[in-house]
Amino acid sequence: MTAEEKMTIAELEDTFIDDLNMLGDWFLQYEYLLEISTELPKIPETERTDENKVPGCQSGVWLDIRYENGKVLVTADSDALIIRGILSVIVSLLSGRTPEEIVAYVPRFIEETNIKQQISTDRFNGIHSVIKSIQNIAEKYV
């Protein structure tokens with residue numbers, strides 16, 4: 001088990017918030033998000049279906065969510081690089097967690113960093129749609 005897996009969602013989210021705020025400048029934060037977006041596995045084209053597409057997102061966003069051994073496993077992808085970076089944060093926070101942890105999660109990293117000021121309202125709402133979609137599916141397993 002890695003240190004990341006031992007951390008609660010809130011503790012892990014604090015590290016993302018601290019990392020982004022330490023960078024300060026939006027350009028450096030943007031580069032950070034682009035860098036971590038490369039760590040996010042791509043969803044194969046065959047899985048980029050309407051059923052897996054998140055409604056309400058300005059760019060294409062797809063989720064593949066599975067339930068195995070009491071944990072919710074989340075894979076996410078987008079055709080927009082900055083959104084892939086934000087999805088990478090969301091997947092890091094939520095994938096491999098229990099349904100109860102996911103349902104109880106209240107996102108803070110967008111509001112507590114510069115991200116909210118730097119992305120459009122549509123993208124901001126789309127990110128919340130992604131989180132809500134994950135929570136809605138997790139709720140089925142509670």
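Note that these values count all heavy atoms, side chains included, but never hydrogens, waters or copies made by symmetry.
Between R97 and L12, the closest side-chain pair of non-hydrogen atoms falls below 4.5 Å. Here the side chains of L34 and E31 are not in contact, with every heavy-atom distance at 4.5 Å or above. Residues I127 and I90 meet the side-chain proximity criterion, which asks for heavy atoms closer than 4.5 Å. Within the 4.5 Å cutoff, no side-chain heavy atoms of L87 are placed close to those of D77.
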Between side-chain atoms of residues 99-107 and protein atoms elsewhere (two or more places apart, or another chain), which donor-acceptor pairs fall under 3.5 Å?
from : atom 1 : to  : atom 2 : distance (Å)
E101 : OE1    : T98 : N      : 2.8
E101 : OE1    : T98 : OG1    : 3.2
Y105 : OH     : E13 : OE2    : 2.7

Indicate every side-chain donor-acceptor pair of residues 53-68 with a distance under 3.5 Å to a residue at least two apart or in another chain.
from : atom 1 : to   : atom 2 : distance (Å)
Q58  : OE1    : S120 : OG     : 3.2
D64  : OD2    : R66  : NE     : 3.4
D64  : OD2    : R66  : NH2    : 2.8

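Residues L73 and I131 do not share a hydrophobic cluster, clusters being chains of Ile/Leu/Val/Met/Phe/Trp/Tyr side chains in contact below 4.5 Å. At a threshold of 4.5 Å between side-chain heavy atoms, the hydrophobic network of Ile, Leu, Val, Met, Phe, Trp and Tyr places I43 and I86 in two separate groups. Using a 4.5 Å cut-off between side-chain heavy atoms of Ile, Leu, Val, Met, Phe, Trp and Tyr, with links allowed through other members, F124 and V89 fall into the same hydrophobic cluster.
Side-chain N or O atoms of S95 include none that pairs as donor or acceptor with a backbone N or O of V91 at under 3.5 Å. Judged by distance alone, with hydrogens and angles left aside, the side-chain atoms of N114 form no donor-acceptor pair with the main-chain N or O of N21 at under 3.5 Å. Not a single donor-acceptor pair under 3.5 Å links the side chain of E47 to the backbone N or O of P44.
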*Which is it for I83 and V130 under the side-chain contact (heavy atoms from CB on, under 4.5 Å) test, yes or no, and what are the steps along the way?*
CA-CA 11 Å; I83 298 303; V130 168; over 6 Å; no

Stepwise side-chain contact (heavy atoms from CB on, under 4.5 Å) test for I82 and R123
CA-CA 10 Å; I82 190 67; R123 284 217 159 127; 3.9 Å; yes

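By the side-chain contact (heavy atoms from CB on, under 4.5 Å) test, P41 pairs with no residue at all, sequence neighbours left out. Partners of N125 under the side-chain contact (heavy atoms from CB on, under 4.5 Å) rule, at least two apart in sequence or in another chain, are T121. In this structure E112 satisfies the salt bridge (Lys or Arg N to Asp or Glu O under 4.0 Å) test together with R108, sequence neighbours excluded.
Interatomic distance, K42 NZ to D79 CG, rounded to the nearest 0.5 Å: 9.5 Å. Atom CZ of F16 is separated from atom CD1 of I36 by 5.5 Å, given to the nearest 0.5 angstrom. A distance of 11.0 Å separates CD1 of I134 from OG of S129, quoted to the nearest 0.5 Å. Separating the OG1 atom in T8 from the CG atom in D14 is a distance of 7.5 Å, to the nearest 0.5 Å. M22 contributes atom CE, which lies 10.5 Å from atom OG1 of T15 (distance to the nearest 0.5 angstrom). Rounding to the nearest 0.5 angstrom, the gap separating the CD1 atom in I9 from the CD atom in E11 is 11.0 Å.
The number of heavy atoms from other shown groups lying within 6.0 Å of CD (Q117) is above 12. The 12-atom threshold is exceeded at CG of D25, counting heavy atoms of other residues, nucleotides or ligands nearer than 6.0 Å.
For residues 22-57, the pairs satisfying ring-ring contact (aromatic ring centres under 6.0 Å, His included) are W26-Y30, with sequence neighbours left out.
When all heavy atoms are compared, the tightest approach of A138 to V72 is CB-CG2, 4.1 Å.
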